[in-house]
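Encoded as structure tokens, the structure appears first; notes follow it.
All of these numbers come straight from a predicted model, not from anything done at the bench.
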Amino acid sequence: ALPASSAGSSSHVTAAPSTSARGADDGEEEAEDEEAPANASRFAMFRRSAVVAGGRDHPDPLCEPHAVRDTQPEPLGPDDDVRVPQRIVDQGLLSSTQLEAVALAARRFRRSLPGGARAGFLLGDGTGCGKGRCIAALIIDQWNRGARRHVWISATADLYSDAIRDLKDLGANIPCCSLSRVKAYGALDSLAGNAEVRKLGKQCDGVLFLTYAMLVSARSKSVDSLADPGSSRFGQVISWLTHRSGETKGDGLICFDEAHKAKNLDQNTKVARLVDDLQRRCPGCAVLYASATGATEVSHMQYMSRLGLWGDGFLPQQDGGEATGERPPFEDFERFRSLVLKGGMPAMELVAVQLKSMGALSCRSLAFEGTSFDLATVRLGAAARKQYDEACELWRDIGRLVELSTDQGLAKKTLRSEYWAAQQRFFKGLVVAAKVPDAVRLTKEALERGESVVISLWTTNESVTAKAAQAVDGDDAQDADGFASGPELTAEQFLERHFPTVDPSGAAITWAVEAIQSLKARVRSLRLPPNPIDELTERLGGSQAVAEMSGRTHRQILDPLTGEVRSEPRNGPAKRRGRAPAGGAPAGENVVDSINVAEQRAFQGGRKHIAIITEAASAGISLHSDRRELAAGPGAPAP
């Protein structure tokens with residue numbers, strides 16, 4: 001493990017000169033030159049911190065609004081050290097901008113709110129700024145301050161391998177455990193025989209990784225058993241965090257990665273409620289909110305109680321002691337929200353300025369310097385136009401049937417809303433499918449230029465295809481002459497599931513049955529396009545050439561010999577490209593935990609040059625070329 005706090009293991013952060021808001025060291029003039037093109041706009045561009053002097057330039061230019069950039073927190077003092085090995089800075093493992101966020105957060109964690117709870121920090125940097133590495137550095141910092149139990153909560157289980165990677169990139173030998181692999185309930189300290197828990201070592205210390213879905217998982221729905229480790233995952237987390245401290249407050253770091261998952265506290269969603277409750281029950285733990293979209297709307301900030309912007313009502317004073325820290329600007333969240341809503345977007349920017357001045361916020365984003373954006377317009381041919389027009393006529397006639405059924409009192413009250421929802425899904429799928437030929441052409445042109453391609457899709461249509469598969473048996477679950485069509489299945493399932501075909505007495509409504517059969521025949525006659533993700537994969541070389549990162553469990557495969565389409569599971573057995581060390585410790589990033597991680601690594605390592613990613617798998621994922629993956633496969637990807 002990393003050594004405890006000592007002069008040799010701490011990186012003492014030097015404040016940047018105060019003569020310029022944008023210069024961090026002798027390269028101040030160069031930094032100003034980089035920002036010059038953006039001076040006419042609202043954003044400032046930079047590669048170095050204006051707060052700290054250490055660390056290398058960030059690999060790519062960053063930007064932030066001038067109002068935020070020109071607002072500086074309290075200067076870092078001699079005691080504001082970051083307790084990570086000096087080699088991390090010397091070797092450039094943390095950039096200057098990352099070191100700034102780590103230094104400010106580490107200082108923030110040493111302060112307390114009026115109610116006695118430790119203050120929190122909002123890491124609101126965008127994609128490419130290195131939030132994962134900042135989180136890892138803060139875990140190392142807290143570890144070297146004596147805190148031995150830390151919780152990392154994120155959006156998907158696939159990000160567990162990224163968390164391990166970020167820690168290992170900084171040379172941290174801190175044990176990690178994934179709660180999703182701990183199948184048993186009960187206090188983790190009492191589960192010494194569990195293979196996953198054993199990764200934490202004899203003292204059961206380290207980093208506990210889990211998802212927001214796992215946080216709300218429980219065997220009992222009783223509110224009284226919420227904190228019981230034998231009944232709920234939330235109880236396991238609380239019990240583990242507070243076990244070593246001997247009290248109920250804990251002392252480690254709680255990181256809410258992709259923290260916007262808890263944004264709906266005002267709607268009392270279970271995730272938001274437990275995120276809030278976790279902070280209440282562990283006031284001695286530092287809290288890090290990491291999200292690029294965490295503060296886009298004021299209503300979504302309610303769970304960020306540790307920022308110190310509003311009152312301390314739910315944070316009781318510890319051991320009867322007096323309140324510490326400065327009083328928050330607002331008495332409660334409602335007053336804070338009311339004022340910001342009246343001010344609109346300018347008020348939200350002022351919130352960012354306030355947090356930046358408090359040293360409680362980092363909100364940089366990539367400047368996308370040197371990138372280009374082209375909007376490609378897809379021109380529909382005569383056949384596609386005819387198909388679209390006939391689809392419009394079809395849904396017009398389905399709408400008439402909806403009105404007829406409703407007027408006669410045969411349909412449910414929700415039929416109209418179901419109709420409009422199905423129609424929107426249908427045309428959305430039809431429009432997306434119309435882009436496939438052009439997407440294939442553009443992808444092949446890019447490959448010929450030696451480039452790699454990422455294709456983004458919003459949905460895989462697995463829901464409708466799975467329902468179709470359940471409706472029939474085995475091999476008949478899919479037409480043998482091509483891939484399933486999402487729009488076609490959407491229309492058919494709406495007709496089958498939502499229209500009444502019998503009256504209250506149980507007698508068949510002949511005209512309704514005939515109308516539905518006629519409409520279903522018209523749907524099939526349209527010869528609607530196949531599922532885009534399957535069509536793209538097949539036309540671009542199949543699963544051997546295309547990396548798919550999605551939320552679906554099955555995919556459709558075209559047999560080149562018979563021409564038949566079959567469905568096969570995506571979640572095959574995990575492959576290992578390295579052996580686990582003796583004693584059952586994790587093999588780190590060499591362990592492939594899911595098909596999405598395997599596909600991601602195949603793309604990053606250049607073994608596949610096409611990636612298709614959907615919204616379900618996009619949270620926190622990295623798709624840049626990764627030199628660490630090259631050792632596992634031949635050939636480096638093109639620059």
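At a threshold of 4.0 Å, the pair D438-R379 does not count as salt-bridged, since none of the basic side-chain nitrogens sits closer than that to a carboxylate oxygen. The pair R364-D125 meets the salt-bridge criterion, with a side-chain N (NZ, NE, NH1 or NH2) lying under 4.0 Å from an Asp/Glu carboxylate O. Salt bridge present: R165 and D162 bring a charged side-chain N and a carboxylate O closer than 4.0 Å. Residues R280 and D276 are paired through a salt bridge, judged by an N-O separation under 4.0 Å between the basic side chain and the carboxylate. By the 4.0 Å N-to-carboxylate-O rule, E535 lies close enough to R539 to be salt-bridged with it. Looking at R337 and E334, a side-chain N of the basic residue comes within less than 4.0 Å of a carboxylate O on the acidic one, giving a salt bridge. R281 has a carboxylate O that lies under 4.0 Å from a charged side-chain N of D277, or vice versa, which qualifies the two as a salt bridge.
Between D407 atom CG and L404 atom CG the span is 7.0 Å, to the nearest 0.5 Å. Interatomic distance, CZ of F603 versus CD of E548, reported as 14.0 Å (0.5 Å rounding).
When the shell of 6.0 Å around NZ of K386 is examined, it contains 12 or fewer heavy atoms from other residues, nucleotides or ligands. Counting heavy-atom neighbours within 6.0 Å of R219 CZ, excluding the residue itself, gives a total above 12.
What you find for M301 and M348 is that their closest heavy atoms are SD-CE, 4.2 Å. For L489 against A484, the heavy-atom pair with the smallest separation is CD1-CB, 4.0 Å.
In this structure the side chain of V351 never reaches within 4.5 angstrom of the side chain of V298, judged on heavy atoms. Using a 4.5 Å heavy-atom cutoff, the side chains of M549 and I612 are not in contact.
Side chains of S299 and E297: a donor-acceptor N/O pair is absent below 3.5 angstrom, by distance only. Between the side chains of S154 and D257, at least one donor N or O sits under 3.5 Å from an acceptor N or O.
The one candidate from E514, E492, E496 that meets the salt bridge (charged side-chain N to carboxylate O under 4.0 Å, His left out) condition with K520 is E496. With Q236 as the partner, the side-chain contact (heavy atoms from CB on, under 4.5 Å) test is satisfied by one option alone out of P229, S217, S231: P229. Among S180, C176, C177, the single residue meeting the side-chain contact (heavy atoms from CB on, under 4.5 Å) criterion with E196 is C177.
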- Candidate pair Y419 and W395, rule ring-ring contact (aromatic ring centres under 6.0 Å, His included), full reasoning: CA-CA 9 Å; Y419 165 76; W395 281 95; 5.8 Å; yes

- Task: Could you give me the CA-CA distance, side-chain angles and deciding distance for K261 and S291, then say whether side chain to side chain contact (heavy atoms under 4.5 Å, CB included) is met?
- Result: CA-CA 9 Å; K261 296 291 184 181; S291 172; over 6 Å; no

- Let me see the working for E488 and R524 under salt bridge (Lys or Arg N to Asp or Glu O under 4.0 Å), right down to the final yes or no. CA-CA 7 Å; E488 179 178 315; R524 299 189 189 99; 5.1 Å; no

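Here F256 and Y303 keep their ring centres 6.0 angstrom or further from each other. Between F494 and F426, a ring centre-to-centre spacing not shorter than 6.0 Å is recorded. Checked against a 6.0 Å centroid threshold, the rings of F373 and F368 do not count as neighbours.
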